[in-house]
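Worksheet for the structure shown next.
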There are 2 protein chains.
Amino acid sequence: MNITIYDVAREANVSMATVSRVVNGNPNVKPATRKKVLNTIERLGYRPNAVARGLASKKTTTVGVIIPDISSIFFSELARGIDDIATMYKYNIILSNSDMNKEKEIRLINTMFEKQVDGLIYMGATITDEHVQQLKTSPVPVALAATIDPTETIPSVNIDYEQAAYEATSYLIDNGTPQPIYVTGVEESEVNKKKYQGYVRAIEESNGSVNNDYIINVDFSYESGIDAANQITEMDNYPKAVFAATDELALGVIHGLQDKGIKVPEDVEVFGFDNTRLATMVRPTLSTVVQPMYDIGAVAMRLLTKFMNKENVEEKNVVLPHQIVKRNSTKEK
Amino acid sequence: MNITIYDVAREANVSMATVSRVVNGNPNVKPATRKKVLNTIERLGYRPNAVARGLASKKTTTVGVIIPDISSIFFSELARGIDDIATMYKYNIILSNSDMNKEKEIRLINTMFEKQVDGLIYMGATITDEHVQQLKTSPVPVALAATIDPTETIPSVNIDYEQAAYEATSYLIDNGTPQPIYVTGVEESEVNKKKYQGYVRAIEESNGSVNNDYIINVDFSYESGIDAANQITEMDNYPKAVFAATDELALGVIHGLQDKGIKVPEDVEVFGFDNTRLATMVRPTLSTVVQPMYDIGAVAMRLLTKFMNKENVEEKNVVLPHQIVKRNSTKEK
DNA sequence: TTGAAAGCGCTAACAG
DNA sequence: CTGTTAGCGCTTTCAA
């Protein structure tokens, strides 16, 4: 049996209520009493039971985090931002991987509610109506991180993916390739749609029409990037620039190209997206779109704390600034 | 106010106990009653409160995970292994980053206990006596993952770091470099000590004595790898092989060398440690020690479930097999 | 400034 | 097979 608040009360000759007050830093306790209680807490090695506290107060000081895959270099950075801010506000995180599997996502959302989290941060590719339904009837605040809800019902933190992709593509176009090849994953997420739209807009604004042969759909993996590079080299007279939807894909493309003796950026330019740590861990270093993953996580968590505190929030759909960083996988203009 | 078990009981004309039984899958319920209860659960949208359950049953079905840094490519892979097995056994994970900061580590351990986790998985560099004290008086089972307790008091899952480093070093020695350069981080963890010992043993067994000039202490980062490469190139007549304590360091070394026009492996061979995904995302691909991160996490979690179920465990300090994989950053023998 | 007492929602004997 | 009844350890009025 563990030491409870009751044991402390008895030993200190006060009531449970008083012990509770000192544990919770309630100022309405005479300093002498406080000291006495603190001493016996120390002496007995009392440790508050957060579960009991949660039941009584209806607050668990933990938030749920649903993430596609924590082992991804992209999402783990986001998670770090979330946890740092959570810690700052005295929350703990229950973390679960969803693998972008809808059934699992819905199940996890419910598990989080059962665990009585005070709030939920959700990351995922596709937000269906069922997701929205589930999330919008949530008993606690929810925030999406790096995840777009097409209905804009759920608060979220993102960058402007369309514009970012537009800028990256435009850069390549200005560098002399009328339609850069676009390498992306097949998955039908809202974020990917936006990136695609930005790519298309850049081309249409500068040349008119888009040749779909130059859009390569693979997976979002490094190996797929290599595959894509192989597909590219098999085209006759292929464009001399590639825009990859993620840095990992871009690394694959670069290496796939190099493995065939093609030089980057002299023969073919490559542009990435995300600016994960990978971008500087490759030769040539990768020109890419800076998506501030850590900040997205941090801001999403901060937003959530505001909701949990019932503070007034001006803008529920936060758009963080992105940036284009030119390194050595593209040519100087 | 939420729907409680009491509401369901009333609506279904049964007692709370019966509702509790069907929710928990207790077989001692007449099928007809079960069905009736299930229906009203459905109708009312009842969702069990895990906190109340935790208080009453003294089991939370959540385990704590203390990790140095989830954004590290190494630890995030471990975390994935942990979560997968946790999910398999119906546990959730409370994840916290410690940044290898002792004070924070101790505090987190206590937070986990307050939250009444059913078990704890701990990862960290240095296990001091205070850590051991704290962990060994834990109210719940604990398992270390990729973390060595010098006193061997706490159950753990690791590989044989000494032997692994020995083998990597020996490979380089056999390839013609009597003393390969060893690049490592300064941090004084037990794991690092073992790697160092393996490196030393390999050299001593083959040549006699170790030249400390060939041991470079930097940080455990990619950039430090580059720094190390620069230090190396400034030595006169430096050894033509480098053993890096982590893959990330190894990538830095490779690129630092390449940036100076030195060819890997023709001019200098490089060997890594861990076999993170980085190892194949570099040119030349990295020869390295395979440390099965995912498996270490998975096995640690599995071990923990056994402890939590009070099953008998034969070996409390699990040593998983490692492996040497030769890719293109080293020469063929 | 302190204490008494009523829950929070559920589990787990125990009885029947 | 089902119901009654104590708690689990803490917070939170309400009174004093």
Side-chain angles (χ1 to χ4, degrees), chain A residues 1-38 40-41 44-62 90 110-111 113-118 139-140, chain B residues 1-38 40-41 44-62 90 110-111 113-118 139-140:
Chain A
M1 259 295 303
N2 242 305
I3 289 101
T4 73
I5 202 173
Y6 177 78
D7 300 318
V8 177
R10 183 171 29 73
E11 289 289 312
N13 284 316
V14 296
S15 70
M16 292 166 50
T18 300
V19 178
S20 174
R21 286 191 189 95
V22 348
V23 168
N24 292 295
N26 183 318
N28 293 343
V29 182
K30 194 164 55 174
T33 323
R34 175 184 309 281
K35 188 147 170 261
K36 184 174 61 174
V37 172
L38 250 16
T40 101
I41 283 180
L44 265 43
Y46 167 72
R47 190 186 277 148
N49 179 326
V51 172
R53 179 181 296 186
L55 183 59
S57 69
K58 296 175 171 309
K59 275 187 258 131
T60 54
T61 62
T62 102
K90 314 279 186 207
N110 280 296
T111 305
F113 294 159
E114 290 188 6
K115 296 258 174 168
Q116 310 299 118
V117 294
D118 293 340
V140 293
Chain B
M1 259 292 304
N2 243 305
I3 289 101
T4 74
I5 203 174
Y6 177 78
D7 300 317
V8 177
R10 182 169 31 72
E11 289 290 311
N13 286 314
V14 295
S15 70
M16 291 165 54
T18 299
V19 178
S20 175
R21 286 192 188 96
V22 349
V23 168
N24 292 294
N26 183 318
N28 292 345
V29 182
K30 194 164 57 175
T33 323
R34 176 184 309 280
K35 188 148 171 261
K36 184 172 61 177
V37 172
L38 250 17
T40 100
I41 283 179
L44 267 43
Y46 166 73
R47 190 185 278 146
N49 179 327
V51 171
R53 179 183 298 187
L55 183 59
S57 69
K58 298 177 170 305
K59 274 186 259 131
T60 54
T61 62
T62 102
K90 313 280 185 207
N110 280 296
T111 305
F113 293 159
E114 290 188 5
K115 296 258 174 170
Q116 311 297 119
V117 295
D118 293 339
V140 294

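Only this structure's heavy atoms are used, side chains among them; waters, hydrogens and symmetry mates stay out. Computed from a predicted structure; not experimentally measured. Reminder, nothing fancy here: chain letters follow the sequence lines and each chain counts from 1.
- Under 4.0 angstrom from either OP1 or OP2 of C:dC10 there lies no side-chain N or O belonging to B:S20.
- For the pair B:V19 and B:T40, the minimum side-chain heavy-atom distance is 4.5 Å or more.
- Within the 3.5 Å criterion, the main-chain N or O of B:T61 finds a donor-acceptor partner in the side chain of B:D118.
- Annotation: of the two residues near DNA chain C, A:M16 and A:P27, the 5′-most nearest-nucleotide partner is A:P27.
- A residue-by-residue look at B:A17 and B:A52 shows that B:A52 has its nearest nucleotide of DNA chain C further toward the 5' end.
- If A:N24 and B:T33 are placed on DNA chain D by their nearest nucleotide, the residue sitting closer to the 5' end is B:T33.
- Checking C:dC8, D:dT2, D:dG3 against every side-chain atom of B:K30, the shortest atom distance belongs to D:dT2.
- Between the CG atom of A:N26 and the C1' atom of D:dT13 there is a distance of 13 Å, rounded to whole Å.
- Atom NZ of A:K58 is separated from atom P of C:dC8 by 7 Å (rounded to the nearest Å).
- You won't find any donor-acceptor pair under 3.5 Å spanning the side chain of A:R47 and the base of D:dG9, going by distance alone.
- In the set D:dT13, D:dT4, C:dC10, the nucleotide with an atom closest to the side chain of A:R21 is D:dT13.
- Rounded to whole Å, atom P of C:dA4 lies 10 Å from atom OH of A:Y6.
- Using modelled atom types and a 3.5 Å distance limit, the side chains of B:T60 and A:K115 yield no donor-acceptor pair.
- If you measure from atom CD1 of B:I5 to atom C1' of D:dG3, you get 13 Å, rounded to the nearest angstrom.
- Atom pair A:D7:CG and D:dC8:P shows a separation of 11 Å (rounding to whole Å applied).
- Under the 4.5 Å side-chain criterion, counting only non-hydrogen atoms from C-beta, B:N49 is not in contact with B:N2.
- Considering CD1 of A:I5 and CZ of A:R10, their distance stands at 13.0 Å, rounded to 0.5 Å.
- Put simply, CG on B:N2 is 16 Å from C1' on C:dG7, counting in whole angstrom units.
- Nearest to the side-chain atoms of B:N28 among the listed nucleotides C:dT11, C:dT1, D:dT2 stands D:dT2.
- Distance from the side chain of B:A56 is smallest to C:dG9 among C:dG9, C:dA12, D:dC10.
- Of the side-chain N and O atoms in B:K59, none sit less than 4.0 angstrom from OP1 or OP2 of C:dT11.
- Checking D:dC10, D:dT4, C:dC10 against every side-chain atom of B:S15, the shortest atom distance belongs to D:dT4.
- At a threshold of 4.0 angstrom between heavy atoms, the contacts of B:N49 are confined to the sugar-phosphate backbone, with no base atom among them.
- One atom, CD of A:E114, and another, C1' of C:dG9, lie 13 Å apart when rounded to the nearest Å.
- For D:dC10, the OP1/OP2 oxygens have a side-chain nitrogen or oxygen of A:Y46 closer than 4.0 Å.
- Residue B:T18 is in sugar-phosphate contact alone, with no base atom involved, counting any heavy-atom pair closer than 4.0 Å across all strands shown.
- If you take CD of B:Q116 and C1' of C:dC10, they are 16 Å apart, rounded to a whole angstrom.
- Contacts classified as side-chain hydrogen bond (donor to acceptor under 3.5 Å, both in side chains) and involving residues 21-34 of chain A (residues at least two apart or in different chains) are given here: A:S20-A:N24.
- Residue contacts for A:V14: at a heavy-atom cut-off of 4.0 Å it reaches the sugar-phosphate backbone alone, with no base atom in range.
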